[in-house]
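Structure, as structure tokens:
Small disclaimer: the values here were computed from a predicted structure and weren't measured.
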Amino acid sequence: MAQTSSSCSCAVFVEHSPTRERRRSAKCNEINVGVGWPRVGGRALGTADPSVRTQVGSKSIPGGPGSAGTERRLSQLCRMLSAVEQLAQSVKERRAILFVGAGVSMSVGLPSWQKLIEHMQNELGLDEDMIGAPEASYQALAEYYRLKQGSLGPLRSWMDREWSVSPEKVQGSAIHKLIVSLDFPIIYTTNYDRNLEVAFEIHGRPFVKVANAKDLPKATGEVTQIIKFHGDFDDDKSLVLAETDYFERLSFDSPLDVKFRADALGRTILFIGYSMSDMNIRLLLHRLWQTWRRSGYEKSRPKSFIFMSQPSIVQEAVLGHWGIDMLTEEADDPEDALLAFLNELKDRVSRPNGA
């Protein structure tokens, strides 16, 4: 998001706290935030009163636009609202792909990668000094596990037991319900669990699961496709878990990689539940950008987005260079942040065009 100005259609007003006395209210079609203080309908919103809050649509910023730091926050918020409008339009037109990461599964109680590392350590009789923790990754440990045990079968069985939750818990997940209701035609996930499939079954939505090459003929445009990009517990050979599994996927020439490139080139992509420390996802994003750049038609590329619960100017700059806009939501808990974002997106997708 490199813009220095942004436009969004939203209500903007400034109000006092704690009495919430409304100071100024206006309906705006454009909020100029690049130079000087924001203006609504030609009038400057300027105040240094720290007890004032600035409201943009459903979002509230502490402090008035004249107070320190508020212009920057207002600028970020307006850019985000504008980006969400673009994303909502793509979702509404069914031109968007959802890419789901581990954060979504953790929202219903699945363990973190650290729990997997600890289990492998215990089963293999290793302590932290022996494996070089904290540097050792779960991929490297899984590689060692396969060498020592002969296969990942026992580990896969443990993960299948431990990384599953009851249908009742999935049914109670507002995040999974929103994912289903947003009706993405294609959902990619690097999660091994069955939570997405269970959510679609619970909410009565048809889908087809694609975890390997033999599933590809089932992927038609008639129902939502759930693509298990790193494999599925139902097929040990499909799992991308150990280090060599990831290395073999770095060429991005497997059948699922070819499908992803074909699906992604003409569509908007929304990534949720990911940490940008995941180098495989970073490489995937870079490769996608590289493909468009080499085509000579980079400016025609549909905009893509990643939701992150915590803003980062470093990630925003790097991902922005690759054509990925970062979206954030202020909340103390990452799950609450994602839920608020998906609710906002659902609300905008549900509005009639022009509303």
Quiz prompt | Parallel, tilted or perpendicular: rings of Trp113 and Tyr138 (30°, 60°) | solution = parallel
Quiz item: Parallel, tilted or perpendicular: which fits the ring planes of Tyr188 and Phe99, with parallel below 30° and perpendicular above 60°?
Solution: parallel
Exercise. Evaluate side chain to side chain contact (heavy atoms under 4.5 Å, CB included) for Phe200 paired with Ile226, printing each intermediate quantity in order.
Key: CA-CA 10 Å; Phe200 271 77; Ile226 299 179; 3.9 Å; yes
Quiz item: For Tyr274, what residues pass the side chain to side chain donor-acceptor pair (under 3.5 Å) criterion, not counting sequence neighbours?
Solution: Thr190
Practice problem: For the residue pair His321 and Trp289, establish whether any side-chain heavy-atom pair is separated by less than 4.5 Å. | Solution: yes
Self-check item: Pro255 to Leu216 - nearest heavy-atom pair and separation
Solution: CB-CD1, 3.8 Å
Quiz item: Charged N to carboxylate O below 4.0 Å: is that the case for Arg194 and Glu201?
Solution: no
Between [X] (side chain) and [Y] (backbone), is there a donor-acceptor pair under 3.5 Å?
X      : Y      : result
Arg95  : Gly266 : no
Asn122 : Glu118 : yes
Arg348 : Val84  : no
Ser105 : Ala102 : no

Just distance, no hydrogens or angles: give the donor-acceptor pairs under 3.5 Å from side chains in residues 300-310, sequence neighbours left out.
from, atom 1, to, atom 2, distance (Å)
Arg301, NH1, Trp322, O, 2.6
Ser304, OG, Ile269, N, 3.0

Can you give each donor-acceptor pair under 3.5 Å made by side-chain atoms of residues 206-213, sequence neighbours left out, with the distance rounded to 0.1 Å?
from, atom 1, to, atom 2, distance (Å)
Lys209, NZ, Asp232, OD2, 2.9
Lys209, NZ, Asp234, OD2, 2.9
Asn212, OD1, Lys214, N, 3.3
Asn212, OD1, Asp215, N, 3.3
Asn212, ND2, Asp235, OD2, 2.9

Exercise. Using the six-membered ring of Phe229, assess whether NZ or CZ of Arg249 lies under 6.0 Å from its centre and within 45 degrees of the ring axis.
Key: yes
